[in-house]
Amino acid sequence: MRLLDRYEEIVGHQEVERLRRLAQRLAGKRIVHVNSTRSGGGVAEILGWMIPLMEELGISARWEVITGPPEFYRVTKAFHNGLQGLPVSLRKSDFDLHYQVNRENAQRLNLASDIVIVHDPQPIYLPLFTPPGQVRRWIWRCHIDASRPDRSVWKYLEAAISRYDAAVFSMPAFARPLACPMFLIFPSIDPLSDKNCAIPETERLDVLARLGIDPIRPLLLQVSRFDRFKDPLGVIEAYRLLHPYYPEMQLALAGGPADDDPEGAEVLREVLDRAGDDANLKVLLLPPDSHRTINALQRSATVVLQKSLKEGFGLTVTEALWKGKPVIGGACGGITLQVHDYHTGFLVHSAAGAAYRIRYLMRYADKRQRMGHTGHAFIREHFLLTRNLRDYLTMLLRLDHPDATVI
Ligand code: UDP
C-alpha cells in the first residue's frame, strides 16, 4: 500500500486530496533539504517521512547532510545553546571554522534545485558560497526557540539569514523579527510510527508486566528527559499530595539514562532520592529506541502529565493526546497550544494545582474519556504530519505567488 493511502485511513480522503492538489501545482519542482545528521533528533525524524511523502506527491525531494570535523559540531552545539539564550563564549576561530566548513560543503553537496530548505544553524551559510544560478530560493527552517539569543551568535547568524527568501519558525514565541517573509509551521507527530501506532493489547500488557506496573490500578505518567525544566520533582510532589485520597495510585516517570548529560544525571539522582523505596513509584530509565515501550505506557496511563516549567513544543503532550489521554501540563511553551482547560486537559502552575486537577479527573471517568476523545480529534486536525506537509507545500506556493489572495 502506498504511504499516502495509509495516512488517508487516518486523516481522511479530503486531507490527502488537498495535499495532492497543492502538490500538483508544485509538480516537477526540485527541493533539497539540508541538515546536519541522518539519524537522531527531531529534524532527522521529520525528514525521514517528509522526503518519501514529497516524492510520492510528484515533487523531486532530496536530502543532503552537511559534514565537518568534530570541532565543527562543538561550535554548532554552542550556536544551538546560544540561539536558545544561553551565554556562550566562542572565539573568532570558532566562527571562522563554521564559515569554512560551510564553504567546503557548498562545493561538495549537490544543491542544484529550485528550493533549498536549510534546517537549523549548522548549514546556514551555504547560500553565501553556492554559485549563483544553482538554487532559485533559499528557506531557513529554525526548529528551536530563537527569541532571545546570545548576541554574538545572533550577529553571526543574522548576516547569513539576509541571503534567504524566507524563514520558518515552530511557534510565534520562538521567532525573531527578520527582513524576509516569515512563516509559522507547527511540529507534528507521525501516527504510524512505533511511538504512535496502535499496538496489540498483549504487547501493552507485556510491557507493563516487564516494568512492574499493575495494569488494573490507576497510573500517572510523565515521559521526559531528566531535566529541571520538566519538573519531575513537582510531579512526585503532586503524586504525594494525592496519596491520602488514592493510595492505590501508581506513578511512572520515564526518561533516558542521561549518562552523557551531567545535569541530567544530577536531576535523576534527586528524583531517585525523592522517590525513595515507594513500590508504586517507578523511575524508568529507557534506552533511546524504546518507542513501543513509551507507546504502551502512554496508552496505559489514566492521566498523562507534562508538568514543565519551560518547554519547546512538547511532543510528549501531542503523543499522549493522540492516544486519547487527558493531559495535565505546565502552562508554558507549546503545551499551551495543545492543552485547553476542560477540553483536552488542564494547564497548571504548581504541584498543588496539578494534584487538584488529577483529583478532578480521577473522580470523573466520563470527563476523562470525553477529554481524551477531544484531544485525539484535536491532534488529528492540527498536529499530524499531513498538516505539517500541507503547511510546507502552501508556503512553497505562497513564495511563488506572493500577491495571490487565494493559494
Ligand atoms: N522521549 C523518548 N525517550 C525518553 C524521553 C523522551 O523517546 O526517555 C521522546 C518523547 O516520546 C518525545 C520526545 O522524546 O517524542 C521529547 O520531545 P518533547 O518535545 O516532549 O521534549 P524535548 O525533549 O524535545 O524537550
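These values consider heavy atoms only, across backbone and side chains, with no hydrogens, waters or symmetry-generated copies. Every number for a ligand or one of its atoms is a count from 1 in the order of the listing. Since we're looking at a predicted model, the values are computed, not measured.
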Heavy atom of the protein closest to atom 16 (C) of ligand 1 (residue, atom name, distance): Thr316 CG2, 4.2 Å
Shortest protein heavy-atom distance from atom 14 (O) of ligand 1, along with the residue and atom involved: Lys195 NZ, 4.6 Å
By side-chain hydrogen bond (donor to acceptor under 3.5 Å, both in side chains) - contacts of His33 (at least two apart): His119
Beyond-backbone contact of Lys282 with Leu211, side-chain heavy atoms, under 4.5 angstrom: no
Within reach of ligand 1, part of Gln306 (heavy-atom separation under 4.0 Å): neither
Closest protein heavy atom to atom 6 (C) of ligand 1, given as residue, atom name and distance to 0.1 Å: Val223 CG1, 3.9 Å
Centroid separation Phe169 to Phe174 less than 6.0 Å: no
Distance filter under 4.0 Å to Gly256 heavy atoms, resulting ligand 1 atoms: 8 (O)
Proximal ligand 1 atoms for Ile294, defined as those under 4.0 Å from one of its heavy atoms: 2 (C), 3 (N), 7 (O)
Heavy-atom proximity to atom 22 (P) of ligand 1, best of Glu45, Lys230, Gln222, His291: Lys230
Arg91, CZ: over 12 other non-hydrogen atoms inside 6.0 angstrom: no
Nearest neighbour in protein (non-hydrogen) for atom 15 (O) of ligand 1: Glu319 OE2, 2.4 Å
Pick from Leu284, Asp289, Leu315: the one approaching atom 18 (P) of ligand 1 most closely through a non-hydrogen atom: Leu315
Enumerated ligand 1 atoms positioned under 4.0 Å from heavy atoms of Glu311: 21 (O), 25 (O)
Contacting atoms of ligand 1, where contact means under 4.0 angstrom from a heavy atom of Gly314: 19 (O), 20 (O)
Atom 24 (O) of ligand 1 touched by protein heavy atom at under 4.0 Å: no
SB check Arg74 Glu71 (cutoff 4.0 Å): yes
Sub-4.0 Å atoms of ligand 1 with respect to non-hydrogen atoms of Arg225: 22 (P), 23 (O), 25 (O)
Arg163 to Trp138, cation-pi by 6.0 Å centre distance and 45° axis angle: no
Atom 11 (O) of ligand 1 within contact range, any protein heavy atom under 4.0 Å: yes
Partners meeting salt bridge (charged side-chain N to carboxylate O under 4.0 Å, His left out) with Glu56 (sequence neighbours left out): Arg2
Check against salt bridge (charged side-chain N to carboxylate O under 4.0 Å, His left out), Lys29 and Asp400: CA-CA 11 Å; Lys29 278 240 185 316; Asp400 275 348; 3.3 Å; yes
Note: Arg228-Glu270 ion pair, threshold 4.0 Å (strictly below): yes
